[in-house]
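Read the structure below first, then the notes.
Lettering of chains follows the sequences in order, A, B, ..., and the numbering in each one begins at 1.
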Amino acid sequence: MKTRFTALKGAPDVLPPETNLWGRIENAACEVFAAYGYDEIKTSIIEPAELFLRSIGASSDIVAKEMYSFTDKGGRSVSLRPEGTASVVRAYVEHNLSLRPAPQKFFYRGPMFRYERPQKGRQRQFYQIGAECFGTAHPGMDAELIVMLMAFLERAGLPALSLELNSIGCRNCRPAFKQRLREFFAPHLDGLCPDCQRRHEQNPLRILDCKVERCIAIRAGAPLISESLCAECREHFGALLGLLDAMKTPYTLNPHMVRGLDYYTRTVFEVTSGQLGAQNAVAAGGRYDLLVSEFGGPETPALGFAAGMERLSRLLSAAESLSMPRPEVFIASLGREAAAAALSTASALRARDKRVEVGWEGSLKSQLRRADKMGARYVVIIGEDELRSGSFKWKNLGTGESGETGAEEIFNLLS
RNA sequence: GUGGGCGUAGCUCAACUGGCAGAGCACUGGACUGUGGCUCCAGUGGUUGUGGGUUCGAUCCCCAUCGCCCACCCCA
């Protein structure tokens, strides 16, 4: 009995030509990141479950209900990574990278896993490309990271996305703000949605983020974090805004943005597009000054972001229609004798990075038809006549122009 | 996890009130012995997502299940 397998729910294959688009996006990222001094770090996609629990936060939705966790054969509780930052921080601490000159800057790319119900722009296995920077608390680094992100998006072909910013304070000022929020919402508890009633205890900041209408109405008069920041946080955020202004990087302040991961401090930001449906975030990140020490490293301020490959790809493929790369030359070979000549001719062209296809079988007509369907620029015909004379017939499929060429001069076609 | 929509050929979709599963595109070949596109012809392709039920008979009605899509939630 034949069994037909299909990919797991929420783990779709990515096929050409879309994979070529992904390659372009990644190349844009690598180029831009390199100019900013970021080098690639590759970490395992499987980690101790505890790592994510301690960084993202046990009460976060990601950890509470979306992790792919299991016990391995050694009895260890492990998880597929739901995001990239925790692993990079782990590696930074594990390899004592704080002993290298600061700042240390890394980027990463690869699959992440969250057990969610798939929808437009949201999969269970999804790919992120992200960057992390360790070792400076200066707002200049916040600005640099954001400017780098925008430069990457622009080089990838995605200008004009909107950038939203906020500061959510630090361990000095946030607890007091949380308390003020609790006090503000306490009299309105009954009016809040069930989720927000739960958030009121666990993380009242998230009420600010809620999209339920009556919660939005209730929070209208809620205290703003921007008015509760300590002097240091206020100064940090102000300096960042000044730098972005100086760079003419447009942004919108969003005092209600809080982010879903517990480890953020001070700066948080999000890049969104209106064309993505409900899942509109293209990239997001922020500062996490406490996480390195939380993981047993020295107190090390740090920050980073991650961008979603599927969402970037979706935006780009909406803007341009994708097509398969076209061969420059299609070599039609006729008969057994021609195969060797076809292969060596193709190899010579390929050695010069020309994309070449060999039509190994079928009538000349069917090979020409295939060449045409692939969009080949030239067809070169190698059959008995050509083998005898040592001169290959060629044809330009766009113009219809044709001629003959010796095997050695074939490169002249492609100038 | 919750709600709604949808599952028929590789793709887009037909099939009357329950009565022989079809078309276009794509693919392969031919018309045209070794010259593509256009045209014409032919061929390949299906356990109608799966399993049950009702019925003389189910793509159609019922139940279950799986999958996809969209939204909630959450987030990249």
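- Partner assigned to B/A42 is B/U28, using Watson-Crick or G-U wobble distances below 3.5 angstrom.
- Contact annotation: A/Gln119 side-chain N/O to B/A71 OP1/OP2 distance is under 4.0 Å.
- Using Watson-Crick or G-U wobble geometry with both donor-acceptor distances under 3.5 Å, B/A21 finds no partner in any strand shown.
- Between A/Arg206 and the phosphate of B/C75, there is a side-chain N or O to OP1/OP2 separation shorter than 4.0 Å.
- Pairing for B/U54 is absent, judged as Watson-Crick or G-U wobble with the two contacts each under 3.5 Å.
- Annotation: B/C73 and B/C16 have their C1' atoms spaced 44 Å apart (nearest Å).
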Q | Summary of protein contacts for nucleotides 43-50 of chain B, nucleotide by nucleotide, where a base hit scores B, a sugar-phosphate-only hit scores S (4.0 Å, heavy atoms) | A | --------
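- An OP1 or OP2 oxygen of B/A26 is reached within less than 4.0 angstrom by no side-chain nitrogen or oxygen of A/Lys373.
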Q.
For a quick check, with a 4.0 angstrom heavy-atom cut-off, what is the B/S/- contact string for nucleotides 37-42 of chain B, read 5' to 3'?
A. B-----
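- Of the P atoms belonging to B/A64 and B/U47, the separation is 26 Å, rounded to the nearest Å.
- With RNA chain B read from its 5' end, the first of the two nearest nucleotides for A/Ala307 and A/Leu8 is the one closest to A/Leu8.
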**Q.** From CA spacing to verdict: salt bridge (charged side-chain N to carboxylate O under 4.0 Å, His left out), A/Glu66, A/Arg122
**A.** CA-CA 13 Å; A/Glu66 297 173 0; A/Arg122 187 173 80 184; over 6 Å; no
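- Looking at A/Tyr38 and A/Glu40, their side chains never bring a donor and an acceptor atom within 3.5 Å of each other.
- At least one side-chain nitrogen or oxygen of A/Ser366 sits closer than 4.0 Å to the OP1 or OP2 atom of B/G29.
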Would you mind writing out the side-chain donor-acceptor pairs for residues 144-165 of chain A within the sub-3.5 Å range, not counting sequence neighbours?
from	atom 1	to	atom 2	distance (Å)
A/Arg155	NH1	A/Glu31	OE1	2.9
A/Ser162	OG	A/Thr272	OG1	3.2
A/Glu164	OE1	A/Asn254	ND2	2.7

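- Using a 4.0 Å heavy-atom cutoff across all strands shown, A/Ser363 reaches sugar-phosphate atoms only and no base atom.
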